[in-house]
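Report on the structure given below.
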Number of protein chains: 2
Amino acid sequence: MAHDADHHGLRPRSLDWLPDAIRERAPERRLGAGETLFRQGEHAAAIFGVAEGRVRLIRSAGSDRSVVLHTAQAGEFLAEAALFAGAYQCDAVAAVDSRVRVYSKRDLVAALRRDPDLAARFMAVLSQQLHALRTRLEERNIRSARERLLHHLALAAGPDGRTVRLAGTVMDLAADLGLTHEVVYRTLAALAKDGAIARPAADVIVLAAGAV
Amino acid sequence: MAHDADHHGLRPRSLDWLPDAIRERAPERRLGAGETLFRQGEHAAAIFGVAEGRVRLIRSAGSDRSVVLHTAQAGEFLAEAALFAGAYQCDAVAAVDSRVRVYSKRDLVAALRRDPDLAARFMAVLSQQLHALRTRLEERNIRSARERLLHHLALAAGPDGRTVRLAGTVMDLAADLGLTHEVVYRTLAALAKDGAIARPAADVIVLAAGAV
DNA sequence: CGAGTGATTGACTTAGATCAATGACCGTGG
DNA sequence: CCACGGTCATTGATCTAAGTCAATCACTCG
């Protein structure tokens, strides 16, 4: 099986809050690469969780250009916004062979309305995701690969504030950072040479005490 | 007065959902540049809306490095996540002289719990912001300035799918795109020369019909 | 054992950042 | 009323860090 795409401390899981009753009742649907899950304008009767693969949200209406809005990875939720709208606002197309769980919008909305604790948990998850996403965007504003990487590592550090355990591959890290993997390898090597980080193991990075 | 920082179609307003009763009762607080609004670990008794200026969320604990998590612009909400946590998770420091509205967390939580419609509206706002943010992040994954700009323009286009009215300055646009303003000017000029866009007015860009 | 994937480094190119300059425009205070 | 300072728009010249292409090695899995 492929890597679990949702390995990252910074990428919060989005499905934990779901009541078991609803989760267990959600059917699974398989999508071939390129297959459409839903289209803009369709009545929104469900939202989805990506179990495996990748699903793209695409806005094709309007201009000729079809624009990718988002690529949902395994473990992510898809189209939460449809919970509060009558129709989907964009198309969803599987980028590769994928599996999605289908959650009934009606059931979910009813549950959220009935159970304030559930609603609070959902709002909490949304807020946290929002915060995490803002942080990622802030990170992308850092132009220098070195600074960006250090920013990321400082945030990903464990409780001691220095030790980072890489949950995925360095290539995944590079993708998260919006850098090519070569640059990340090189920058890691340079940081290690400067003594700014140490790498006691392949999947562990330790920030030096005085690191800028 | 400075530019309204929240001019952008892609940057959803975050305060509209608030019940008037709470909004009107929220006191305003002025912050000098560098002044701290709250600190990590403090009991979270309020959340904030930035009325003017910029407030940074900073994580300083752990590593020596203090890391900027987010810079909230005027019009944005600050620390929604604190609604569902006992204590703030990071520091908030004014980047420039600023004004914030202070919303009582207790009141808000009570209102959300009491009024499912309000809760639904809040969830809708959070979902939309999440979606918008994902789109911005997706945009940042586009390396080429030309393609990134076209992506942005296609999304910012009005109902006809081709006409974009710039709400702010080109410099603001550049900041949104994560590019320098010089590159944006140049790229706009190049696109115009290629016939991919037209600029009938300073603040209007029209995408050509056959634009890739 | 061979195919596939990740880790790593080298060589080279280029797009975008940086530094710099100019002109338009706008408000403002003398 | 106009000179002045500030901001934005725009373009040129230059530099460099990051992207691209490429190769090698280690490892795992069937």
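Quick note: numbers below take in every heavy atom, side chains included, and nothing from hydrogens, waters or symmetry partners. Each chain gets a letter, A, B and so on, in the order its sequence line appears, and its residues count up from 1.
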Output the rounded distance in Å from [atom1] ([X]) to [atom2] ([N]).
X: B:Leu166; N: D:dA9; atom1: CG; atom2: P; answer: 9 Å
X: A:Leu188; N: C:dA7; atom1: CG; atom2: C1'; answer: 11 Å
X: A:Arg140; N: D:dA18; atom1: CZ; atom2: C1'; answer: 14 Å
X: A:Lys193; N: C:dT8; atom1: NZ; atom2: P; answer: 16 Å
X: A:Asp203; N: C:dG6; atom1: CG; atom2: C1'; answer: 13 Å
X: A:His181; N: D:dA23; atom1: NE2; atom2: C1'; answer: 13 Å
X: A:Asn141; N: C:dA17; atom1: CG; atom2: P; answer: 12 Å
X: B:Ile142; N: C:dA15; atom1: CD1; atom2: P; answer: 17 Å

(message) Can you list everything that forms a salt bridge (charged side-chain N to carboxylate O under 4.0 Å, His left out) with B:Glu42? Sequence neighbours excluded, please.
(response)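 So B:Glu42 forms no salt bridge (charged side-chain N to carboxylate O under 4.0 Å, His left out) with any residue.
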(message) Test of understanding: with salt bridge (charged side-chain N to carboxylate O under 4.0 Å, His left out), list the residues that count as partners of A:Arg134, not counting sequence neighbours.
(response)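 In terms of salt bridge (charged side-chain N to carboxylate O under 4.0 Å, His left out), with neighbours along the sequence ignored, A:Arg134 is linked to B:Glu80.
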Would you indicate which nucleotide in [options] comes nearest to any side-chain atom of [X]?
X: B:Glu182; options: C:dA7, C:dA17, D:dT11; result: D:dT11
X: B:Val183; options: C:dG16, C:dA7, D:dA9; result: C:dG16
X: B:Thr180; options: C:dA17, C:dG6, C:dC19; result: C:dA17

(message) Looking at every heavy atom in both B:Val164 and B:Leu153, which two are closest together, and how far apart are they?
(response)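 So the minimum-distance heavy-atom pair works out to CG2-O, 3.3 Å.
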(request) Mind checking the CG-OH spacing from A:Leu18 to A:Tyr103? Nearest 0.5 Å is all I need. (result)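 Answer for the CG-OH pair, A:Leu18 versus A:Tyr103, is 5.5 Å.
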(message) Could you measure the distance from the CG atom of B:Leu137 to the CG atom of A:Leu69? Nearest 0.5 Å is fine.
(response)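 Nearest 0.5 Å value for the CG-CG distance: 12.5 Å.
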(request) If a pair satisfies salt bridge (Lys or Arg N to Asp or Glu O under 4.0 Å) and one of its residues is in residues 183-197 of chain A, list it, with sequence neighbours excluded. (result)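 Of all non-adjacent pairs touching residues 183-197 of chain A, those that pass salt bridge (Lys or Arg N to Asp or Glu O under 4.0 Å) are A:Arg146-A:Asp194.
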(message) Using a heavy-atom cut-off of 4.0 Å across all strands, would you classify B:Ala189 as base, sugar-phosphate, or nothing?
(response)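 Contact class for B:Ala189: sugar-phosphate only.
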Filtered N/O pairs between nucleotides 15-17 of chain D and protein, under 3.5 Å:
none

(message) Any donor-acceptor pair, under 3.5 Å, between the side chain of B:Arg186 and the base of C:dT18, if you only look at N and O atoms?
(response)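 Yes, the side chain and the base share a sub-3.5 Å donor-acceptor pair.
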(message) What I want to check is whether an N or O donor and acceptor connect the side chain of B:Arg146 with the base of C:dG16 at under 3.5 Å.
(response)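 Checked by distance alone, the answer is no.
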(message) Angle between the two end axes of the helix from C:dC1-D:dG30 to C:dG30-D:dC1, five base pairs per end, rounded to 10 degrees?
(response)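 Answer for the end axes of this duplex: 40°.
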(message) Do B:Lys105 and B:Leu108 make a side-chain contact, defined as non-hydrogen atoms from C-beta onward lying under 4.5 Å apart?
(response)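 No, their side chains stay 4.5 Å or more apart.
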(request) Report yes if a side-chain nitrogen or oxygen of A:Tyr185 is closer than 4.0 Å to either non-bridging phosphate oxygen (OP1 or OP2) of C:dA7; otherwise report no. (result)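 For A:Tyr185, the contact criterion (side-chain N or O under 4.0 Å from OP1 or OP2 of C:dA7) is met.
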(message) Pairing donors with acceptors under 3.5 angstrom, does anything connect the side chains of B:Asn141 and A:Arg140?
(response)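 Short answer, yes.
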(request) Establish, from distance only, whether the side-chain atoms of A:His151 and A:Glu138 form a donor-acceptor pair under 3.5 Å. (result)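 Note: A:His151 and A:Glu138 side chains miss the donor-acceptor criterion.
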(message) According to ring-ring contact (aromatic ring centres under 6.0 Å, His included), who are the partners of B:Phe38, at least two apart in sequence or on a separate chain?
(response)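 Counting only residues at least two positions away or on another chain, B:Phe38 forms a ring-ring contact (aromatic ring centres under 6.0 Å, His included) with B:Phe48, B:Tyr88.
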(request) On DNA chain C, check which nucleotide each of B:Leu179 and A:Arg199 is closest to and give me the residue with the more 5' one. (result)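 Looking at the nearest nucleotide for each, A:Arg199 comes out on the 5' side.
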